[in-house]
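Inspection log for the structure reproduced underneath, given as structure tokens.
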Amino acid sequence: MADRPRFYLTTAIAYANNKPGLHTLYEVIGADVIARWHRMKGDDTRFLTGTDEHSVNIAQRAAEEGLSPRAFVDEKVGLFTAAEAALGIAPDRFIRTTDPDHVRSAQEMVRRAHANGDIYVGAYEGWYCPNEGFKAASDLLETAGGWRCPNHPDVELQWLTEKNWFFRLSAYQERLERWFLDNPGAVQPDYRRNEMLGFIRQGLEDFSISRAGATWGIPFPIGEDGQTAQREDGSWDPEAGTIYVWYDALINYITGAGFPDDPASFARYWPADLHVIGKDIARFHTIYWPAMLWSAGLEAPRKVWIHGWLLAADGERMSKSRGNFLDPVDFVAAFGSDGARYVTLREVAFDRDTEVSWDSFVRRYNADLANDFGNLVNRTVSMAGRYLGDDRPAPRPADGSAPLAVAWDRTLADYVGRIEACALHDALAVLWEFVGAANRFVDSEQPWTLAKAAKAGDEAAEAHLRDVLGDLVEACRLLGLAAAPFLPASAPRVLAQLGHTYAYGSDGNGGPAILDELVWGAQAADRGSVAAPEPLFPRLDVEPTVA
RNA sequence: GGCGGAGUAGCUCAGUGGUAGAGCAGGGGACUCAUAAGCCCUUGGUCGGUGGUUCAAAUCCGCCCUCCGCUACCA
């Protein structure tokens, strides 16, 4: 394990206040594909996702439902893990900010910032909803009675001042700007990087990292006097307050690598190779987070990838409250696990917002999975079995005589490049160009005509038939394997129909290095039997529920 | 207001000086191995508007219109 390259990637952790929507899980599906790709490459891969469970808001919601905060989040977390399982998402750890090691981790980070002189007690001022706590100005609702909390429009807001700890982000302005300039790949795509750079250049203000009134949170480990807030019996002084969101939620990334309990693991996996996040939290991940890490003597992540959103057909952001929400469980029921993964990642560009609709997903599924790829495998397996018997035909050598072998070289290079660049939708487009080439190859060679000639005793036709079908079987093997990170449930079925073994585990671990397997003819010497053809992606004829 | 991006076929988009492209959707055709799928052909656009530079502009420059992102403490 130690000699393998490691790859540590994370998603943002989801706020556990509701059931998950497809637009939330979209990011996790994409990250799961990247994780599987690295596992299949043979990298020592660690994929972290999870839930963010603290906050005044969650405590309030729990109280409204007559639940303890813990029971409330336990229920929500169950919905997330079930939906992720349905989508074939296989994290190496599902982290919860209520996990004990995460609590230790967040507190240690606060202590380090304090030891480094980066936090101080200041006054936090803001609009305060008596039912919910401090509210950002951008989050308020204008009513006849003035500005109000959107969740409690009948309650008058108060302008409150509270003593809180602040992090000296202002001290890191120059270093952050230099980091952006020296590491142009660290924040991507470029236009997001430019936005963040512009934000830094406007001047950075300190931000508060504690809340005095909140109780559902990680105890702030330091008292106002600068001494530990832990009492002799091990409990925490409530007067010290709790850690506010950023020193809680963001910390999950290092907890997941082993901080602070497992230094060996942490040394191996940190800094993270990739944080996949949504555009709404770009600032916190590309500006707050590196500064917090530096303050603790740790390295910034190597790359933060900022993806866009699924938009409803009217261009509106999907959300439960807007009612244009796709339920992942319904979605998987309609499209299947792999179908759901494929259509979201193919239809939505991974670097920008995209309008989607149920119809667009159905069209994409039928065109790409049922008609093009599924049918290619089906007709290939069917013809190989019917014309040649069970014995699987071998591909022609990659010496230039087989057109598909020549085309595959370019396809593979492009595919790998796109997937490594997080251009997941482009990666699939490249692969499906090859699907088209294989389908055209069938029609240009007309194996059924060759089979008739062979049956009539034409030996040259029979030899050519064997070559053509051997090439097609190989094309299907390569496609099934290459697409496995996107279609993890279907890939073993593809290979099985072709009479090939599938050596990877259910999370993509444990098999041979995929780049070796993706060479044309890599398994040409192995013998096998094609199985009975079985449709992989049944066509969808009806439009089920509307989004 | 400031900074940045975008407006190209019904839909999603590619195309940064040289006679308008792809996929899907629509129409037609030949075949038949296949999930009535695949393959071939095809309808369709004054490339947001306007003025300019140039032998030549979707592509460069000016102005205008429309839309979008960022412009600090939401989890």
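The chains referred to below are lettered A, B, ... by the order of the sequence lines, with proteins before strands, and numbering in each begins at 1.
- Looking at residues two or more places apart in sequence or on another chain, you find a side-chain hydrogen bond (donor to acceptor under 3.5 Å, both in side chains) between A:Thr161 and A:Glu125.
- One side chain, A:Tyr253 or A:His285, offers a donor N or O that lies under 3.5 Å from an acceptor on the other.
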In a table with atom names and distances, give each donor-acceptor pair under 3.5 Å that connects a side chain of residues 15-22 of chain A to protein atoms at least two apart or in another chain.
from	atom 1	to	atom 2	distance (Å)
A:Tyr15	OH	A:Ser55	OG	2.5
A:Lys19	NZ	A:Asp327	OD2	3.3

Protein and nucleotides 8-10 of chain B: nitrogen or oxygen contacts under 3.5 angstrom:
none

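- Taking atom C1' in both B:rA14 and B:rG45, one finds a spacing of 15 Å when rounded to whole Å.
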Applying the Watson-Crick and G-U criteria (both distances under 3.5 angstrom) with [ ] for crossing and | for other-strand pairs, one obtains for RNA chain B ((((((((.[[[[.)..(..]]]].((((.........)))).....[[[[[..)....]]]]])))))))....
Readout for nucleotides 29-37 of chain B: B = base within 4.0 Å of protein heavy atom, S = sugar-phosphate only, - = neither; 5' to 3' it is --SSBBB-S
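- For the salt bridge (Lys or Arg N to Asp or Glu O under 4.0 Å) condition, the pairs that include at least one residue of residues 436-446 of chain A, sequence neighbours left out, are A:Arg379-A:Asp443.
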Atom pairs, protein N/O to nucleotides 68-71 of chain B N/O, distance under 3.5 Å:
from	atom 1	to	atom 2	distance (Å)
B:rG69	O2'	A:Arg192	NH1	2.7
B:rG69	O2'	A:Glu195	OE1	3.4
B:rG69	O2'	A:Glu195	OE2	2.8
B:rC70	O4'	A:Glu195	OE1	3.3
B:rU71	OP1	A:Arg283	NH2	2.0
B:rU71	O2'	A:Gln202	OE1	3.1

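- Checked by atom type, the side-chain pair A:Thr98/A:Glu53 shows a donor-acceptor distance below 3.5 Å.
- For A:Arg493, the side-chain hydrogen bond (donor to acceptor under 3.5 Å, both in side chains) partners are A:Glu534, not counting sequence neighbours.
- Here A:Ser55 lies in heavy-atom contact (under 4.0 Å) with sugar-phosphate atoms only.
- Salt bridge status for A:Asp458 with A:Lys452: absent, with no side-chain N to carboxylate O gap under 4.0 Å.
- Annotation: ring-ring contact (aromatic ring centres under 6.0 Å, His included) contacts of A:Phe361 (sequence neighbours excluded): A:Phe331.
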Side-chain donor-acceptor contacts of residues 368-375 of chain A below 3.5 Å, not counting sequence neighbours, with atom names and distances?
from	atom 1	to	atom 2	distance (Å)
A:Asp368	OD2	A:Tyr342	OH	2.6
A:Asp368	OD2	A:Arg364	NH1	3.2
A:Asn371	OD1	A:Arg539	NH1	2.9
A:Asn371	ND2	A:Asn366	O	3.3

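- B:rC41 sits 13 Å from B:rC24 when the P atoms are compared, rounded to a whole Å.
- Residues forming a salt bridge (Lys or Arg N to Asp or Glu O under 4.0 Å) with A:Glu195 (at least two apart in sequence, or on another chain): A:Arg192.
- The salt bridge (Lys or Arg N to Asp or Glu O under 4.0 Å) contacts involving residues 67-77 of chain A comprise A:Arg70-A:Asp74, A:Asp74-A:Arg96, where partners must be two or more places apart or lie in separate chains.
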